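Here the structure is laid out as structure tokens; the discussion comes afterwards.
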Amino acid sequence: MSKGIPNPEKDFSGWYKQVVTRAELADYGPVKGTMVIRPYGFQLWENIKNIFDHMIKESGHTNAYFPLLIPKSFFAQEAKHIEGFAKECAVVTHTRLKADEEKGIIVDPESRLEEELIIRPTSETVVWSMYKKWIQSYRDLPILINQWVNVVRWEMRTRLFLRTTEFLWQEGHTAHATEEEAQKETLDILELYRQLAEDYLAIPVFTGLKTESEKFAGAEKTYCIEAMMRDKRALQAGTSHNLGQNFAKAFGVTFQTEHNQEEFVWATSWGVSTRLIGAVILAHGDKKGLRIPPRIAPVQVVIVPIIRDNDQRSDVQKYLEPIINGFAETGVRYHIDWTDNSPGFKFNEWEMKGVPLRMEVGPRDMAEGNVILARRDMDKKISFSCENVNEKIPTILEKIQQSLYAQALAFRNENIHTTNSYDELKQIINEGGFVRCGWDGLDKTETAVKEETKATIRCIPFDEQPKDLTCVYSGKPAKHEVIYAKAY
RNA sequence: CGGAGCGUGGCGCAGUCCGGUAGCGCACUGCAAUGGGGUUGCAGGGGUCGCAGGUUCAAAUCCUGUCGCUCCGACCA
């Protein structure tokens, strides 16, 4: 076990906090609930961001930017939507500070704004206020816009990456001429989220539909990807909403069809946030610290030279030259740790930081024409000939990627259970795990289960088989098969 | 906002009950050796004890007030 970090089996949240700060992913900001994303953490975010940005551009979306400040009046226009956010909006009321002899710097009471401004908790309202200007005819549709921005939600309880007052995300906002097209967009994006999670973050996810109580306020339907963390709790890792005509109606956004009919525009919105980093930490981390999947790792290979003096140092340097040149060609992200910490210290340090592959190079290896490789996903060191290490490494990185996914999937499979007994559900939830079972489709059932067990319906999975199922709570015929779990 | 706990060098803590002018581990700086799983030795630097009052000859310690943070609940991506 790594020195100084709590055992994740015993103190998962202590482990999480330590790992995030000690691996230098992030640090606490001065304002409660805010977070500084440090360079190592930000590189991870940039890698995730670049992958998804590429995906949406491939599928015809473009980036834009909408303002941070939103007039308060915009929120009155979509009552359902604001219900969901009213309790967590930061409001700008003044525009100036001034020096006060007694109190130091104070808010200038004379600078009070006539109309207060809301710092965006999400941007549907501003976006749709603009879409009203931009959309007249079916020829203006679809609009497929995304933005990478920060948003602020005044949360009561915060945790680095998982829930912070301010966080970074992408929010897509699309406008369509038909309901079918909007629905297709919603699901297409969800599929991209699934790919992002599974193929890049190496996290298996359930895709499905949120229940009424869990859906986004203002949406017709909310779809999600849900993942299992190593403490067997669920994490919602991304959502995609079919907004129907709700926002178009709130903002009066209509268009003329090919047949010269006036109709309201159909909308979607979808987002993934820096929470994904929390997901990576919580899904893959182990007692030594982080384990970052190679495809998103800021550093894929860390090289630890084993040297005694300057002569050996330059020997290693020369020895590494062709390897490093090879990395440049294959695009492997590497780092050589020349600090004079002891090798053992470096091993632990880089394991904590989750680097997928470590290469050790010392006198013994140079004599044999080898390097030592140690994979972060397993507890083994292997000697490799220097000759073919350049071809091998991308393959090994790919194997690590697959192995992290396989481990996460195996873990999820071990900890998901099907049952039609409520007692059993309570026991499983209590011990930790997901429960797949029938649900009668009633709000009050969901609420009752939540109150009694703290578990919520994470989603109605696309592959549900409700036939012949009964509701785990009421015993009535099931309307849906659902997944219950305690969630972050 | 309810319940609990904590504020003492950068981090983690002891000291507080029973007042006497601040200490430990890690980290940091320098030198030397060491170097294949958190390496030693020696020598250093750094704290108005969260803040504001009060009691006292004397306050990290006692009293009052205040601010902040963490954890558990209600809310949430």
Side-chain angles (χ1 to χ4, degrees), chain A residues 1-6 11-14 16-18 21-22 27-34 83-89 121-122 150-171 193 210 213-217 219 222 224-227 234-241 269-279 288-289 304-309 312-313 316 337-352 358-368 370-374 379-381 383 450-451 454 456 458 487-488:
Chain A
M1 168 146 27
S2 202
K3 202 180 185 179
I5 65 169
D11 177 14
F12 197 66
S13 76
Y16 178 79
K17 207 166 55 176
Q18 287 281 316
T21 51
R22 289 193 41 190
D27 206 344
Y28 292 95
V31 174
K32 179 175 155 61
T34 62
E83 265 172 39
F85 288 112
K87 283 169 281 180
E88 48 187 40
C89 282
T122 179
N150 58 342
V151 288
V152 168
R153 296 179 190 175
W154 216 264
E155 299 288 352
M156 314 228 163
R157 232 179 107 199
T158 58
R159 293 182 93 183
L160 294 172
F161 290 116
L162 296 173
R163 175 164 299 107
T164 47
T165 297
E166 177 188 6
F167 59 90
L168 304 184
W169 75 345
Q170 59 67 220
E171 44 177 325
Y193 285 161
K210 283 288 185 191
S213 71
E214 294 276 330
K215 82 173 187 194
F216 174 67
T222 291
C224 63
I225 54 172
E226 289 280 334
L235 185 78
Q236 178 174 308
T239 48
S240 183
H241 314 289
S269 72
W270 27 273
V272 290
S273 71
T274 36
R275 175 179 260 195
L276 288 177
I277 294 173
K288 290 177 173 177
V304 177
I306 315 287
I307 50 175
R308 293 164 200 280
D309 50 40
Q312 286 191 350
R313 185 192 162 104
V316 171
D337 188 350
W338 289 114
T339 64
D340 40 346
N341 292 316
S342 73
F345 182 91
K346 292 178 188 178
F347 298 165
N348 285 286
E349 182 85 349
W350 290 106
E351 278 165 359
M352 163 93 72
R358 180 178 70 241
M359 182 187 292
E360 301 169 21
V361 181
R364 283 206 306 256
D365 313 299
M366 292 194 287
E368 293 161 11
N370 288 341
V371 297
I372 300 280
L373 294 181
D379 231 359
K380 236 188 329 193
K381 290 191 191 186
S383 201
K450 185 179 179 181
E451 273 167 17
K454 306 262 165 62
T456 49
R458 301 321 304 155
Y488 269 92

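The chains referred to below are lettered A, B, ... by the order of the sequence lines, with proteins before strands, and numbering in each begins at 1. In this text the structure is predicted, and so the values were computed from the model without any measurement.
Across the strands present, U55(B) finds no partner; the criterion is a Watson-Crick or G-U wobble pair with both atom distances under 3.5 angstrom. Both distances falling under 3.5 Å, in either a Watson-Crick or a G-U wobble arrangement, place A4(B) opposite U70(B). Base pairing of U21(B) is not made with any nucleotide, judged by Watson-Crick or G-U wobble geometry with both donor-acceptor distances under 3.5 Å. Pairing of G30(B), defined by two Watson-Crick or G-U wobble distances under 3.5 Å, is identified with C42(B). Pairing for G47(B) is absent, judged as Watson-Crick or G-U wobble with the two contacts each under 3.5 Å. Checking G35(B) for Watson-Crick or G-U wobble geometry (two distances, each under 3.5 Å) identifies no partner in any strand.
Interface remark: the Arg308(A) side chain does not form any donor-acceptor pair with the G36(B) base, using a distance-only criterion of under 3.5 Å. For Asp340(A) against G35(B), a side-chain-to-base donor-acceptor contact under 3.5 Å is absent.
Separation of the P atoms belonging to G41(B) and A27(B) is 12 Å when rounded to the nearest angstrom. Between the P atoms of G3(B) and G9(B), the separation comes to 29 Å (whole Å). When the C1' atom is used for both C51(B) and C11(B), the distance is 22 Å, rounded to whole Å. Nucleotides G44(B) and A60(B) place their P atoms 27 Å apart, quoted to the nearest Å.
Using a 4.0 Å cut-off between charged nitrogen and carboxylate oxygen, Lys288(A) and Asp379(A) count as a salt-bridge pair.
Across the protein-nucleic acid pair, Ile306(A) atom CD1 and G36(B) atom P stand 7 Å apart, rounded to whole Å. In this structure, CD of Gln18(A) is placed 15 Å from C1' of C71(B), rounded to the nearest angstrom. Counting to the nearest Å, the C1' atom of G38(B) and the CG atom of Asp337(A) are 13 Å from each other. In this structure, the CZ atom of Arg22(A) is 12 Å from the P atom of G12(B), given to the nearest Å. Spacing between atom NZ of Lys454(A) and atom P of C75(B) amounts to 11 Å, rounded to whole angstrom units. Regarding Glu451(A), its CD atom lies at a distance of 15 Å from the P atom of G73(B), rounded to whole Å. If you measure from atom NZ of Lys450(A) to atom P of A74(B), you get 7 Å, rounded to the nearest angstrom. Across the protein-nucleic acid pair, Tyr28(A) atom OH and G68(B) atom P stand 18 Å apart, rounded to whole Å.
Panel note: side chain Thr222(A), backbone Phe216(A); a donor-acceptor pair is recorded below 3.5 Å.
OP1 or OP2 of G35(B) has not a single side-chain nitrogen or oxygen of Ser342(A) nearer than 4.0 Å.
The number of heavy-atom neighbours closer than 6.0 Å to CG of Asp309(A), taken from other residues, nucleotides and ligands shown, is above 12.
Closest approach of Trp169(A) to Val272(A), counting heavy atoms only: CB-O, 3.1 Å. Closest heavy-atom contact between Pro121(A) and Val151(A): O-CB, 3.7 Å.
Remark on RNA chain B: of its neighbouring residues Ala237(A) and Asn341(A), the 5'-side contact belongs to Asn341(A), judged by nearest-heavy-atom nucleotide.
Phe216(A) comes within 4.0 angstrom of no nucleic acid atom, judged by non-hydrogen atoms across all strands.
With sequence neighbours excluded, the residues satisfying salt bridge (charged side-chain N to carboxylate O under 4.0 Å, His left out) with Arg358(A) are Glu351(A), Glu360(A).
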